[in-house]
There are 2 protein chains.
Amino acid sequence: MESQDLRKAGLKVTLPRLKVLEILEKTEQRHMSAEDVYKSLLEMGEEIGLATVYRVLTQFEDAGLVARLSIDGGHAVFELEDGIHHDHLLCVRCNRIEEFTDDVIEERQRAIAKQKGFQMTDHALYIYGICTECQ
Amino acid sequence: MESQDLRKAGLKVTLPRLKVLEILEKTEQRHMSAEDVYKSLLEMGEEIGLATVYRVLTQFEDAGLVARLSIDGGHAVFELEDGIHHDHLLCVRCNRIEEFTDDVIEERQRAIAKQKGFQMTDHALYIYGICTECQ
DNA sequence: CTATAAATGAGAAGGGTTTTCATTTAATAT
DNA sequence: ATATTAAATGAAAACCCTTCTCATTTATAG
């Protein structure tokens, strides 16, 4: 019951928000741009404006329900937040996105931030390459 | 003599290109946006169009003379390519950018790409935080 | 059930970047 | 040196993704 999540975040339970959540949960892409979400909504017959999709996704991000990936200066993609930090591998040919976690890298990052006197707030690691299918 | 570098890259030696190179070499910022470069040109009395600055920076990137950092969905910044791979720490308050290299992380990245069957072409690691000055 | 603050849709506006196209310039051949 | 030609430039328009504006609608608290 995700209405609870919305209320907890101080957000009214509205149809656009429920539908966006539903799409993020049902998609097998896992990583969707605002445009992707918007099109999926249209496909399921929901006439929700693109501006609303952007607003809702940003609110979800603030609420910790989704994570935003800012890929290489291009458009952002969103993924449902599962609480487990992970980084990304991106196929430069087909745009497939794969996830991974690596404790060694996480640890090194903390050490580097500390050494440089930075209070780390976040980090992002993208490995670009050509995936198995595309080679 | 950087005219050689331009010719080697198949680029004509023109005043805009020489001036942009000069600015990137002289700046103590090291990381400059296209707008930064454009403004520096104006300050030194060179009336070079912003579109040209973008074009030149992109050509320099293709030629391997500069590297482009795509920071968090915002604007791009450019740095003179020194051949030594490094990653970046970014202060979320003052936008200061610091560099670091870490062989352990480099090695782990290669291992992960291999394990996932990716032919790695590039990678980007950004650590966001609050720098010493801003804490 | 009413009041009210929040959410929505549509379109305009925004920021950074790229494109278009006419003009200028560097490099090449004469 | 000069003419030729392909490349580079400037200015403005176009672009893409995203955010804002504002009038209208809707969820929630009283």
Side-chain angles (χ1 to χ4, degrees), chain A residues 1-23 31-42 44-63 65-78 95, chain B residues 1-23 31-42 44-63 65-78 95:
Chain A
M1 204 88 269
E2 49 284 298
S3 307
Q4 307 311 322
D5 296 324
L6 295 178
R7 274 191 252 271
K8 237 181 288 174
L11 299 172
K12 287 186 183 176
V13 178
T14 63
L15 191 132
R17 302 215 252 239
L18 289 172
K19 290 298 175 187
V20 170
L21 261 190
E22 189 182 327
I23 282 172
H31 298 93
M32 301 184 84
S33 68
E35 194 80 33
D36 291 338
V37 173
Y38 174 67
K39 283 181 188 155
S40 294
L41 286 167
L42 287 185
M44 61 195 279
E46 301 293 343
E47 303 251 333
I48 293 168
L50 182 55
T52 298
V53 173
Y54 273 104
R55 269 188 296 239
V56 167
L57 287 170
T58 302
Q59 292 157 347
F60 285 2
E61 185 190 10
D62 293 342
L65 298 173
V66 309
R68 176 196 302 254
L69 313 189
S70 296
I71 297 173
D72 217 21
H75 55 180
V77 300
F78 299 84
N95 296 316
Chain B
M1 205 89 264
E2 49 285 298
S3 307
Q4 307 311 322
D5 296 325
L6 295 178
R7 276 191 251 271
K8 236 181 289 176
L11 299 171
K12 285 186 184 176
V13 178
T14 64
L15 191 134
R17 303 216 252 238
L18 288 172
K19 290 298 174 188
V20 170
L21 261 189
E22 187 182 328
I23 282 172
H31 298 94
M32 300 183 86
S33 67
E35 193 80 32
D36 291 337
V37 173
Y38 174 66
K39 283 181 187 153
S40 294
L41 287 166
L42 288 185
M44 60 194 279
E46 301 293 343
E47 304 250 333
I48 292 169
L50 182 55
T52 298
V53 172
Y54 274 104
R55 269 187 296 238
V56 167
L57 287 171
T58 302
Q59 292 156 346
F60 285 2
E61 185 191 9
D62 293 342
L65 297 174
V66 308
R68 175 195 303 254
L69 312 188
S70 297
I71 297 173
D72 218 21
H75 57 181
V77 299
F78 299 84
N95 296 315

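Small disclaimer: the values here were computed from a predicted structure and weren't measured. Residue numbers start from 1 in every chain, and the chains themselves are labelled A, B, ... in the order their sequence lines are given, proteins ahead of strands.
- For the pair A:Leu57 CG and C:dA7 P, the computed distance is 15 Å after rounding to whole Å.
- A donor-acceptor pair is defined here as one N or O able to donate and one able to accept, closer than 3.5 Å; such a pair exists between the side chain of B:Arg17 and the backbone of B:Lys12.
- When the side chain to side chain contact (heavy atoms under 4.5 Å, CB included) test is applied to B:Tyr38, the partners found at least two apart in sequence or on another chain are B:Glu35, B:Leu42, B:Leu50, B:Val53.
- To the nearest angstrom, C1' of C:dT24 lies 14 Å from CZ of B:Arg17.
- Of the possible polar contacts, none joining the A:Arg7 side chain to the A:Val13 backbone as a donor-acceptor pair under 3.5 Å is found.
- Helix-axis bend for the helix from C:dC1-D:dG30 to C:dT30-D:dA1: the local axis fitted to the five terminal pairs at one end deviates from that at the other end by 30°, rounded to 10°.
- Under the side chain to side chain donor-acceptor pair (under 3.5 Å) criterion, A:Thr14 pairs with no residue at all, not counting sequence neighbours.
- Atoms CG (B:Leu42) and P (D:dA11) sit 10 Å apart, rounded to a whole Å.
- Straight-line distance from the CG atom of B:Leu6 to the P atom of D:dA8: 10 Å, rounded to whole Å.
- Contact record, A:Val37 with A:Ile23: O-CD1, 3.9 Å, taken as the closest heavy-atom pair.
- Atom pair A:Ile71:CD1 and D:dC16:C1' shows a separation of 16 Å (rounding to whole Å applied).
- Every side chain to side chain contact (heavy atoms under 4.5 Å, CB included) that B:Lys8 has, sequence neighbours left out, goes to B:Asp5.
- The separation between B:Glu46 atom CD and D:dG10 atom C1' is 14 Å, rounded to whole Å.
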Query raised in the report: Reading nucleotides 17-30 of chain D from the 5' end, what letters show protein touch, with B for base, S for backbone sugar-phosphate only, - for no heavy atom under 4.0 Å?
Result: SBBBB-----BS--
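- As rounded to whole Å, 15 Å separates atom P of C:dG16 from atom CE of B:Met32.
- Applying the side chain to side chain contact (heavy atoms under 4.5 Å, CB included) test to B:Glu46 and every residue at least two apart in sequence or in another chain returns B:Leu15, B:Lys19, B:Leu41, B:Met44, B:Ile48.
- Rounding to the nearest 0.5 Å gives a distance of 10.5 Å between CG of A:Leu65 and CD of A:Gln59.
- Distance OH (A:Tyr38) to P (C:dG11): 10 Å, rounded to an integer number of Å.
- Between B:Asp36 and B:His31 the shortest heavy-atom distance is OD2-O, 4.4 Å.
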